[in-house]
Peer 1: 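One structure coming up, written as structure tokens, with questions to follow.
Below, chain A is the first sequence line, B the second, and so on; all start at residue 1.
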Protein chains: 2
Amino acid sequence: MEKKYKILLVDDEPDIIEFIRYNLIKEGFEVYHAENGIKAIEIAKQIEPHLIILDVMMPGMDGIETCSSIRQISNLKKTVITFLTARGEDYSQIAGFEAGADDYITKPIKPKVLISRINALLKRFTIETEEPVYEMNGKNSRIIINREKYLVTKNGQDLILPRKEFELLALLVSKPEKVFTREEIYQLVWGSDIIVGDRTIDVHIRKLREKIGEDHIVTIKGVGYKFMNE
Amino acid sequence: MEKKYKILLVDDEPDIIEFIRYNLIKEGFEVYHAENGIKAIEIAKQIEPHLIILDVMMPGMDGIETCSSIRQISNLKKTVITFLTARGEDYSQIAGFEAGADDYITKPIKPKVLISRINALLKRFTIETEEPVYEMNGKNSRIIINREKYLVTKNGQDLILPRKEFELLALLVSKPEKVFTREEIYQLVWGSDIIVGDRTIDVHIRKLREKIGEDHIVTIKGVGYKFMNE
DNA sequence: CCCGGGGTTTACCAAATTGTTAAGCGTACT
DNA sequence: AGTACGCTTAACAATTTGGTAAACCCCGGG
């Protein structure tokens, strides 16, 4: 389930912006930028980014102030904010965390460190949204999907499914009875970027039916698939 | 950041379930339920609830039996179990504590009492969780990880593992069955700033398997690794 | 009855992941 | 210095998974 994260970059030095921007885009992030705090807040309200990278030292409204302001905005409560700071500006760390920052990145920036740090942050703050366990009770069958253990239990028997099959099943089960169109399935399991052929879903559906039984996944011709438990 | 506690409710009377369920959900708990002992055990294995509320009187497997069975399951050793019993069924108290119950709640149930009782129980549970020693008992093996002594004991035999191997093993064992992605492992064992190559984890995994046996660490392709004890 | 639009299956191949082994490097200990 | 050990990486092998093409089906409409 691939999602494209939006990142807002705030710094007054064009060089830095360009450098970070380049590296983030290469990693597939959607990158926006602003050269000062005021603009940053404006853009943030608009796009509701997942992550904001904020330079501490900026003319006018500095990073700390900007951070505090952003934290006031209710739509952005969930947004992760990280500061960008030169090594040695220790004093700002304390003020930064008080202002509601989630992490610090120190200059000079190494691309690899930057990326892995960002991935870690996004993961840490996203993970909390996913339901770890789904449970389905039918007349004569019980199916449990455990994301954490990556395990599907059918009537007490454990099954280990390959990634795509698991994601597909998890998706269908997440809303029993709901019909997912092929489009939706592609979006949610494969992600908006990846393009695969027409028959790919069918094949995975088939493998699933093979493993969990024919009766659970129902085809609605011309529309899509849905999961049922009866 | 509040953690959502998982509670499993076991009773054969739908009315009771509904009543308690309603009150618990209102308090922000994550509530699961089962109508008999067998199903309760199955669900408990899957979701690893923090608390199980067990009716004593049930058709088939009664509460006492169910409790005993649950106490056998190593992943559920930490789970708090409380019985639900009609006032006056004194005899069952004794049997109940012997079977490993932690507390009793008597019918008729008053919501406020119920909630405060449960909060107290969970509080106690949370405090006891921080242990420097993990112990895992499987069918034909027993593994103990002692952080303080930096020692791993397998079937009574002490092993001294190098730092990375130890940390890796300790991580996996800390949540048996949970699949840790490579990302997570890098984050938690190496830290988000250190960048190491793709094959590094594999090599450590291999060394671990060499030392503690092949069957414990399971690969979930495309996802990560998990520790099992069977 | 035949045809065409999906949907199903199967077989097969390419791509992605993981497993293994061995070698290089650095550090601690002797 | 010499040796041992732990951590990484490199290189290559072994596996698994994912995707596609193509043959097959099923069903409703000419």
Peer 1: Does NZ belonging to A:Lys45 count more than 12 external heavy atoms closer than 6.0 Å?
Peer 2: no
Peer 1: Write down the atom of B:Val189, the atom of B:Glu167, and the distance for their closest heavy-atom approach.
Peer 2: CG1-CB, 3.9 Å
Peer 1: Considering just the side-chain nitrogens and oxygens of B:His204, establish if one lies under 4.0 Å of OP1 or OP2 belonging to D:dT8.
Peer 2: yes
Peer 1: Distance check needed: C:dT8 P versus A:Ile217 CD1, whole Å only.
Peer 2: 10 Å
Peer 1: Over 60° means perpendicular and under 30° means parallel, so tell me whether A:Phe29 and A:Tyr5 are parallel, tilted or perpendicular.
Peer 2: tilted
Peer 1: Mind calculating the distance between CD1 (A:Ile205) and C1' (C:dG7) to the nearest angstrom?
Peer 2: 11 Å
Peer 1: Are OP1 or OP2 of D:dT8 and a side-chain N or O of B:Trp190 less than 4.0 angstrom apart?
Peer 2: yes
Peer 1: Of the nucleotides D:dT8, D:dG18, C:dT10, which has the atom closest to the B:Thr200 side chain?
Peer 2: D:dT8
Peer 1: Looking only at side-chain atoms of A:Val203, point me to the closest of C:dT10, C:dT20, D:dC7.
Peer 2: C:dT10
Peer 1: Check the distance between D:dG19's C1' and A:Lys164's NZ and give it to me in whole angstrom.
Peer 2: 11 Å
Peer 1: C:dG7, C:dT21, D:dT20: which one has an atom nearest the side-chain heavy atoms of A:Val196?
Peer 2: D:dT20
Peer 1: What is the separation between atom NZ on A:Lys207 and atom C1' on D:dT20, rounded to the nearest whole Å?
Peer 2: 11 Å
Peer 1: Without decimals, in angstroms, what is the distance between A:Ile201 CD1 and D:dT17 P?
Peer 2: 20 Å
Peer 1: Quickly work out the B:Arg206 CZ to D:dT8 C1' distance and round it to whole Å.
Peer 2: 15 Å
Peer 1: With hydrogens left out and only the distance checked, is there a donor-acceptor pair under 3.5 Å joining B:Lys221's side chain and the base of D:dT17?
Peer 2: no
Peer 1: State which of C:dT18, D:dG18, D:dA21 makes the closest approach to the side chain of B:Arg199.
Peer 2: C:dT18
Peer 1: If you check the A:Pro162 side chain, which of D:dT8, C:dT18, D:dG18 turns out closest?
Peer 2: D:dG18
Peer 1: Which is true for A:Thr219 with a 4.0 Å heavy-atom rule: it touches a base, it touches only sugar-phosphate, or it touches nothing?
Peer 2: sugar-phosphate
Peer 1: Would you please confirm or rule out a distance under 4.0 Å between OP1 or OP2 of C:dG19 and any side-chain N or O of B:Arg209?
Peer 2: yes
Peer 1: B:Leu171 and B:Phe180: which non-hydrogen atoms are nearest, and at how many Å?
Peer 2: O-CZ, 3.4 Å
Peer 1: When you check the phosphate oxygens OP1 and OP2 of C:dG6, does a side-chain N or O of A:Tyr225 lie under 4.0 Å from one of them?
Peer 2: no
Peer 1: Might you point out which heavy atoms bring B:Glu48 and B:Lys6 nearest each other, and give the distance in Å?
Peer 2: O-CE, 4.0 Å
Peer 1: Round to a whole Å and report the spacing from CD of A:Glu214 to P of D:dC25.
Peer 2: 16 Å
Peer 1: Measure from CG on B:Asp202 to P on D:dC7 and round the result to the nearest Å.
Peer 2: 16 Å
